[in-house]
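Input: a single structure, listed below in structure tokens.
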Protein chains: 2
Amino acid sequence: MSGAISDVAALAGVSKATASRALTGRGYVSAETRERVVQAAATIGYVASPIAASLSTGRTLAIGVLTSFLNRWYFGEVLEGAEGALRARGYDLTLHHLPPDSPERDRIFDSYLTNKRFDGMISIGIEASQDEIARLLANPRPLVSIGGNIRGAHSINIDDQALGREATEHLMTLGHTRIAHITGHDAELQTDTVHGRRLAGYLAAMEDAGLTSAVHVLPAVHSLPGGYEAAAQLLRDSRIRPTAVFASTDEVAIGIIIAARRLGITVPAELSVIGIDGHSYAEMFALTTFEQEPRAQGRHAVEILLQDLEDEQRAQAPDSGEPGSTVSEVRWPTRLVIRQTTTRPESAE
Amino acid sequence: MSGAISDVAALAGVSKATASRALTGRGYVSAETRERVVQAAATIGYVASPIAASLSTGRTLAIGVLTSFLNRWYFGEVLEGAEGALRARGYDLTLHHLPPDSPERDRIFDSYLTNKRFDGMISIGIEASQDEIARLLANPRPLVSIGGNIRGAHSINIDDQALGREATEHLMTLGHTRIAHITGHDAELQTDTVHGRRLAGYLAAMEDAGLTSAVHVLPAVHSLPGGYEAAAQLLRDSRIRPTAVFASTDEVAIGIIIAARRLGITVPAELSVIGIDGHSYAEMFALTTFEQEPRAQGRHAVEILLQDLEDEQRAQAPDSGEPGSTVSEVRWPTRLVIRQTTTRPESAE
DNA sequence: ATGAAAGCGCTAACAT
DNA sequence: ATGTTAGCGCTTTCAT
């Protein structure tokens with residue numbers, strides 16, 4: 001089976017060019033000829049070589065995805081959404097894991113960005129250094145950033161600071177004053193990160209409420225065990241024990257709940273910032289969460305990216321004259337989802 | 001910057017052929033010439049086009065990865081291991097999400113397997129139909145299957161049936177007799193699947209111990225909420241409540257623990273079959289688990305695959321004459337890791 | 001050790 | 001509407 005397009009052309013009694021036109025749909029071919037070519041292709045089981053096509057057209061029909069985590073729910077869901085949308089549009093997805101503080105980040109950046117096997121890229125939760133951002137933007141291919149700190153490219157972000165404030169104020173509404181916040185490492189130092197902004201929202205809310213002295217921030221590794229450990233530390237001393245916790249990550253929030261249960265502590269009013277769509281882990285634990293549909297975010301990133309690619313192509317066309325190099329900045333909506341069991345502080349009961 | 005190899009050649013004052021030899025390391029080039037070429041390349045910031053190279057050599061330096069889940073720990077860890085190993089060897093990884101019962105599985109199989117943009121593939125947890133397996137094996141490119149039901153290709157598998165037996169017998173050793181098993185959906189019907197084999201091990205152990213009448217099997221969705229729901233159902237009625245549970249999946253096992261705690265039930269002797277390496281979620285919950293290092297499995301699959309590719313290339317060489325088309329079947333070691341808090345049944349205390 | 005030339009499989013002007 | 005021709009950028013015989 002298989003064979004090259006010249007075989008198809010020969011069998012159909014046409015030229016390579018006509019065969020190509022018939023098969024790709026670009027250019028004029030009589031219906032009758034097309035039919036003959038398609039038949040011929042089917043007969044010998046012809047499948048076009050995307051590599052040869054790429055070399056000729058310059059388009060790869062592949063999108064690179066950079067993600068900071070492969071083993072966390074949120075990132076997995078976003079990836080799943082992007083994968084499905086890309087496949088539906090006929091694109092391949094090339095995966096690149098780019099964890100924070102990876103010693104090889106530099107090499108990855110170099111090898112990936114210079115490798116010309118992609119038409120565009122999507123970054124998921126990448127917090128990049130100034131240098132890295134510059135290199136990403138210097139790349140001629142379009143980029144859509146989901147939830148990172150990259151400006152100047154297409155982006156999908158949520159308002160993390162508003163979220164932090166809303167979360168904190170929600171707990172205040174329930175009567176809490178001793179509200180702790182579990183954040184990421186170094187969030188205090190790095191202001192332009194997801195966790196830095198959430199922290200800022202928390203701090204602003206606490207200050208506005210005159211609760212500055214009750215501020216209690218603890219860094220944690222973003223994982224279930226990380227949350228568990230942080231919570232164990234946080235809840236150890238009953239005298240300074242908070243009555244509510246606002247955690248920056250789902251995994252951490254769940255770790256906290258489990259730690260609390262294990263320590264025999266009445267479950268405090270919990271709050272995680274990230275909601276998982278589909279089957280919501282957070283929901284199961286009766287956490288109050290922010291719904292933000294990661295899968296849909298992944299899909300939407302694909303739409304933006306492919307739209308940009310189309311626009312670019314159109315810009316090549318003779319008639320159009322617009323540069324169209326504007327960048328879309330999507331503020332993804334979030335919704336505070338309040339579960340039944342969110343509790344009030346004991347003193348307020 | 002950029003430019004083609006002809007530019008490099010011109011700048012270095014050599015032919016394209018020599019430039020290629022100097023840059024790729026294949027063929028004789030004087031050290032001095034090589035140096036000149038490398039300098040020239042650096043000067044104009046030359047980066048080779050992998051696409052052109054692929055068209056010429058037939059090798060893509062890309063590996064396709066088929067995975068059944070993107071949002072579960074085990075699969076994410078395997079993927080992470082494979083990704084790192086592939087990158088280290090200079091390969092790209094093309095990701096394909098192939099969930100069970102996906103309506104588009106057929107299309108995916110077709111479009112992916114005929115797309116010639118990969119040198120080999122790795123499947124993670126793919127339970128394929130006979131037809132699908134036939135199509136996978138018909139593909140000339142090598143395949144390494146991790147934890148699925150694919151025979152006839154390189155494979156890495158654990159002894160799921162032995163695991164099921166070992167798990168069940170461990171609980172018996174602790175004195176349990178009312179041991180329930182939470183499995184996947186339809187595991188009873190499909191014998192040649194991971195969960196089917198684990199179920200078989202459980203059933204065999206129960207039978208051997210004369211506990212056939214105590215057999216209690218419940219299907220669940222493989223997720224935290226799935227385990228939670230199954231457990232809620234399982235533990236509802238205290239008269240038929242098991243004293244121990246053997247769950248087929250980490251997520252499910254953790255869901256069970258949480259359900260048990262929430263229902264105010266003394267935590268039964270828990271057992272999950274899959275251990276996560278690195279930070280073990282299961283460990284945190286004091287589950288008894290099977291350690292099986294998913295990351296290392298992913299890395300190992302890459303080694304096997306690239307080894308096969310090398311062998312194939314060597315087989316092309318004039319001297320060698322071996323077919324070398326044997327298939328490696330790795331039985332990955334597992335280790336039962338018993339946590340402190342695994343408990344004995346109440347009656348035995 | 002190096003160069004000349006052919007070719008991987010396709011697409012896209014351009015010509016008819 | 002179809003065919004001719006010239007590449008896309010690289011690798012690789014085959015000569016020298």
Side-chain angles (χ1 to χ4, degrees), chain A residues 1-38 40-41 44-62 90 114-119 313 316-318, chain B residues 1-38 40-41 44-62 90 114-119 313 316-318:
Chain A
M1 57 174 105
S2 209
I5 198 172
S6 54
D7 300 332
V8 176
L11 183 56
V14 298
S15 70
K16 275 169 52 184
T18 302
S20 173
R21 280 188 283 252
L23 263 12
T24 61
R26 300 174 190 281
Y28 298 97
V29 197
S30 75
E32 167 184 30
T33 308
R34 178 192 328 280
E35 180 56 26
R36 206 146 30 87
V37 171
V38 169
I44 63 176
Y46 167 77
V47 180
S49 157
I51 290 173
S54 290
L55 186 58
S56 174
T57 63
R59 295 168 63 251
T60 63
L61 291 183
T114 59
N115 143 339
K116 305 169 180 119
R117 273 198 286 196
F118 61 98
D119 295 337
Q313 254 191 322
Q316 307 283 10
Chain B
M1 55 174 108
S2 208
I5 200 173
S6 55
D7 300 332
V8 176
L11 183 55
V14 298
S15 71
K16 274 167 55 182
T18 302
S20 173
R21 282 189 282 254
L23 261 14
T24 62
R26 301 174 190 282
Y28 298 99
V29 196
S30 75
E32 168 183 29
T33 308
R34 178 190 330 278
E35 180 56 27
R36 206 146 29 88
V37 172
V38 169
I44 64 175
Y46 168 76
V47 180
S49 157
I51 291 173
S54 290
L55 186 58
S56 174
T57 62
R59 296 167 62 251
T60 63
L61 291 184
T114 57
N115 144 339
K116 307 170 178 121
R117 274 198 286 196
F118 62 98
D119 296 337
Q313 255 191 321
Q316 306 284 10

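Lettering follows sequence order; numbering is per chain, from 1.
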Should B/K116 and A/V47 count as side-chain neighbours, where that means a heavy-atom distance under 4.5 Å? yes

Compare all side-chain heavy atoms of A/Q313 with those of A/R59 and state whether any distance is below 4.5 angstrom. yes

What residues in residues 24-33 of chain A put a non-hydrogen atom under 4.0 Å from any atom of DNA chain D? A/Y28, A/V29, A/S30, A/T33

[X] [atom1] - [N] [atom2] separation (whole Å):
X      : N      : atom1 : atom2 : value
A/L55  : C/dG9  : CG    : C1'   : 9 Å
B/L23  : C/dT2  : CG    : C1'   : 15 Å
B/L61  : D/dT11 : CG    : P     : 11 Å
A/Q313 : C/dT11 : CD    : P     : 14 Å
A/N115 : D/dG9  : CG    : P     : 15 Å
A/I51  : C/dG9  : CD1   : C1'   : 10 Å
B/E35  : C/dA1  : CD    : P     : 17 Å
A/R117 : D/dG9  : CZ    : C1'   : 14 Å

Which residues share a salt bridge (Lys or Arg N to Asp or Glu O under 4.0 Å) with A/R36, sequence neighbours left out: none

Measure across B/S30 and B/T33 and return the closest heavy-atom pair with its distance rounded to 0.1 Å. OG-OG1, 2.6 Å

At their closest point, which heavy atom of A/A48 faces which heavy atom of A/P50, and how far apart are they? O-CD, 3.2 Å

Taking B/D119 for its side chain and B/T60 for its backbone only, find out whether a donor-acceptor pair lies under 3.5 Å. yes

Nearest 0.5 angstrom please: B/S6 OG to B/Y46 OH, how far? 8.5 Å

For B/A52, which residues count as a side chain to side chain contact (heavy atoms under 4.5 Å, CB included) partner, sequence neighbours excluded? A/L55, B/S49

Under 3.5 Å, which N/O atoms of the protein pair with N/O atoms of nucleotides 3-5 of chain C?
unit_1, atom_1, unit_2, atom_2, d
C/dG3, OP2, B/S15, N, 2.8
C/dG3, OP2, B/S15, OG, 3.2
C/dG3, OP2, B/T18, OG1, 2.7
C/dG3, N7, B/R21, NH2, 2.7
C/dG3, O6, B/R21, NH1, 3.1

Rounded to 10 degrees, the angle between the two terminal axes of the helix from C/dA1-D/dT16 to C/dT16-D/dA1, each from five pairs: 30°

Distance-only donor-acceptor hits, side chain of residues 16-25 of chain A, under 3.5 Å, sequence neighbours excluded:
unit_1, atom_1, unit_2, atom_2, d
A/T18, OG1, A/S15, OG, 3.2
A/T24, OG1, A/S20, O, 2.8
A/T24, OG1, A/R26, N, 3.3

